[in-house]
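FYI, the numbering just counts along the sequence from 1.
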Amino acid sequence: MQHLLVMGVCGTGKSTVAKAVSDSLGATFIEADDHHSPEAKARMTSGLPLTDAHRWGWLDRIAGAADARPGRVVIACSALKEAYRERLRVTLNPMGIIHLYGDKTLLAARMAARRDHFMPVSLLESQFADLETPTGPEVLALDVALSRSDVIARACDFSRTMLDRA
Ligand SMILES: Nc1ncnc2c1ncn2[C@@H]1O[C@H](COP(=O)(O)OP(=O)(O)O)[C@@H](O)[C@H]1O
Ligand SMILES: O=C(O)[C@H](O)[C@@H](O)[C@H](O)[C@H](O)COP(=O)(O)O
């Protein structure tokens with residue numbers, strides 16, 4: 001397996017964890033936020049959630065970017081619905097999944113403390129509404145109430161196991 005997705009609603013630590021895992025494993029890090037159109041970012045900044053129609057092209061750009069890189073790739077992407085993960089799997093198959101989850105109040109506090117980010121805390125509600133929890137042997141669910149170092153250590157252990165698989 002060469003591809004790992006770190007997913008979850010906003011503020012769960014996807015970027016933080018995916019970057020740390022990719023550094024630790026010598027993998028390429030892909031940040032889904034870098035693949036949004038300026039219009040999509042402006043929409044979110046104004047407090048409006050994305051719809052499926054906004055997300056298909058975005059997911060295809062992310063999958064294309066990951067597929068273009070040789071070797072191991074770790075992707076930080078919300079990928080909230082099963083259909084979005086299926087869309088990534090059209091290109092990236094097999095794909096391990098780390099699902100970061102947490103309490104809404106905790107995540108709101110972490111988002112509020114984040115500086116210079118386009119995603120407003122108000123979009124947390126629609127993120128939770130869209131979330132479809134992933135299941136299956138390729139999924140690790142991690143509660144982000146754990147310390148940053150614990151979350152990263154568990155994510156790294158799982159990633160090593162998954163990426164060592166054929
Ligand atoms: N386990 C953790 N404990 C405490 N703070 C964390 C943890 N993981 C991430 N953070 C912080 O929470 C905020 C949100 O993390 P971020 O990686 O931007 O999330 P996402 O990419 O899912 O929106 C950041 O300020 C980050 O430094
Ligand atoms: O860092 C964050 O706050 C999130 O990653 C955030 O940027 C968002 O989740 C998506 O990029 C938007 O797309 P979705 O509405 O599909 O989550």
Side-chain angles (χ1 to χ4, degrees), residues 2-22 27-69 73-136 138-145 148 151 155 159:
Q2 297 279 66
H3 299 106
L4 260 176
L5 169 70
V6 181
M7 60 151 290
V9 303
C10 48
T12 45
K14 301 181 293 294
S15 306
T16 306
V17 173
K19 176 79 173 64
V21 168
S22 54
T28 299
F29 168 57
I30 291 190
E31 171 57 75
D33 284 346
D34 294 342
H35 295 271
H36 281 303
S37 66
E39 294 75 24
K41 278 200 175 175
R43 182 181 168 91
M44 290 186 274
T45 304
S46 75
L48 291 172
L50 300 183
T51 64
D52 286 359
H54 295 106
R55 286 168 174 150
W56 300 129
W58 173 59
L59 292 162
D60 290 343
R61 289 193 291 281
I62 294 161
D67 192 39
R69 301 303 300 254
V73 180
V74 182
I75 304 164
C77 175
S78 49
L80 298 173
K81 299 184 188 179
E82 183 55 29
Y84 302 162
R85 297 183 292 270
E86 276 305 317
R87 186 78 168 217
L88 293 172
R89 276 194 209 100
V90 170
T91 311
L92 312 174
N93 192 15
M95 181 177 77
I97 296 178
I98 297 174
H99 177 210
L100 302 180
Y101 68 93
D103 173 77
K104 206 183 280 180
T105 310
L106 173 71
L107 300 182
R110 287 189 186 164
M111 286 180 74
R114 200 163 58 170
R115 293 282 159 249
D116 302 323
H117 199 285
F118 65 89
M119 195 79 175
V121 179
S122 60
L123 283 180
L124 201 43
E125 286 295 335
S126 61
Q127 293 261 301
F128 269 96
D130 279 353
L131 177 66
E132 293 170 5
T133 301
T135 55
E138 75 287 4
V139 180
L140 173 72
L142 277 178
D143 183 347
V144 300
R148 186 187 303 250
V151 173
S159 303

| request: Just jot down the salt bridge (Lys or Arg N to Asp or Glu O under 4.0 Å) partners of Asp60, sequence neighbours excluded, or say none. | output: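 Arg87.
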| request: Not counting sequence neighbours, which residues clear salt bridge (Lys or Arg N to Asp or Glu O under 4.0 Å) with Glu86? List them please. | output: Arg89
| Trp56 vs Tyr84 aromatic rings, parallel, tilted or perpendicular, using cut-offs 30° and 60°? | perpendicular
| query | Pick one: which of His54, His36, Glu39 meets side chain to side chain contact (heavy atoms under 4.5 Å, CB included) with Met44? | reply |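 It is His36; the other options fail the test.
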| field | Positive for side chain to side chain contact (heavy atoms under 4.5 Å, CB included) with Leu92, one of Leu4, Ile62, Asp67, Leu5 | value |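 That would be Asp67.
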I'd like a table of donor-acceptor pairs (distance under 3.5 Å, sequence neighbours excluded) in which one partner is a side-chain atom from residues 119-127, with atom names and distances.
| unit_1 | atom_1 | unit_2 | atom_2 | d |
| --- | --- | --- | --- | --- |
| Glu125 | OE1 | Lys104 | NZ | 3.1 |
| Glu125 | OE2 | Lys104 | NZ | 3.3 |
| Ser126 | OG | Leu123 | O | 3.0 |
| Gln127 | OE1 | Cys10 | N | 2.9 |

| task | Count the heavy atoms belonging to other residues, nucleotides or ligands that lie under 6.0 Å from CZ of Arg114, then report whether that count exceeds 12. | result | yes
Are any of the side-chain heavy atoms of [X] and [Y] separated by less than 4.5 Å?
| X | Y | value |
| --- | --- | --- |
| Tyr101 | Val144 | no |
| Ile30 | Cys77 | no |
| Val21 | Val6 | no |

Distance-minimising heavy-atom pair for [X] and [Y]:
| X | Y | result |
| --- | --- | --- |
| Gly102 | Phe128 | O-CZ, 3.5 Å |
| Phe29 | Ala76 | CE1-CB, 3.9 Å |
| His99 | Leu131 | NE2-CD1, 3.9 Å |
| Pro134 | Ile97 | CG-CG2, 4.2 Å |
| Ala66 | Val73 | O-CG2, 3.7 Å |
| Val74 | Ala27 | CG2-CB, 3.9 Å |

| said: Quick check against the 3.5 Å criterion: does Lys14 have a side-chain atom that pairs as donor or acceptor with the backbone of Ser78? | reply: no
| Donor-acceptor under 3.5 Å (Arg85 side chain, Ala79 main chain) |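 Checked: pair present.
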| Is the ring centre of His35 less than 6.0 Å from the ring centre of Trp58? | no
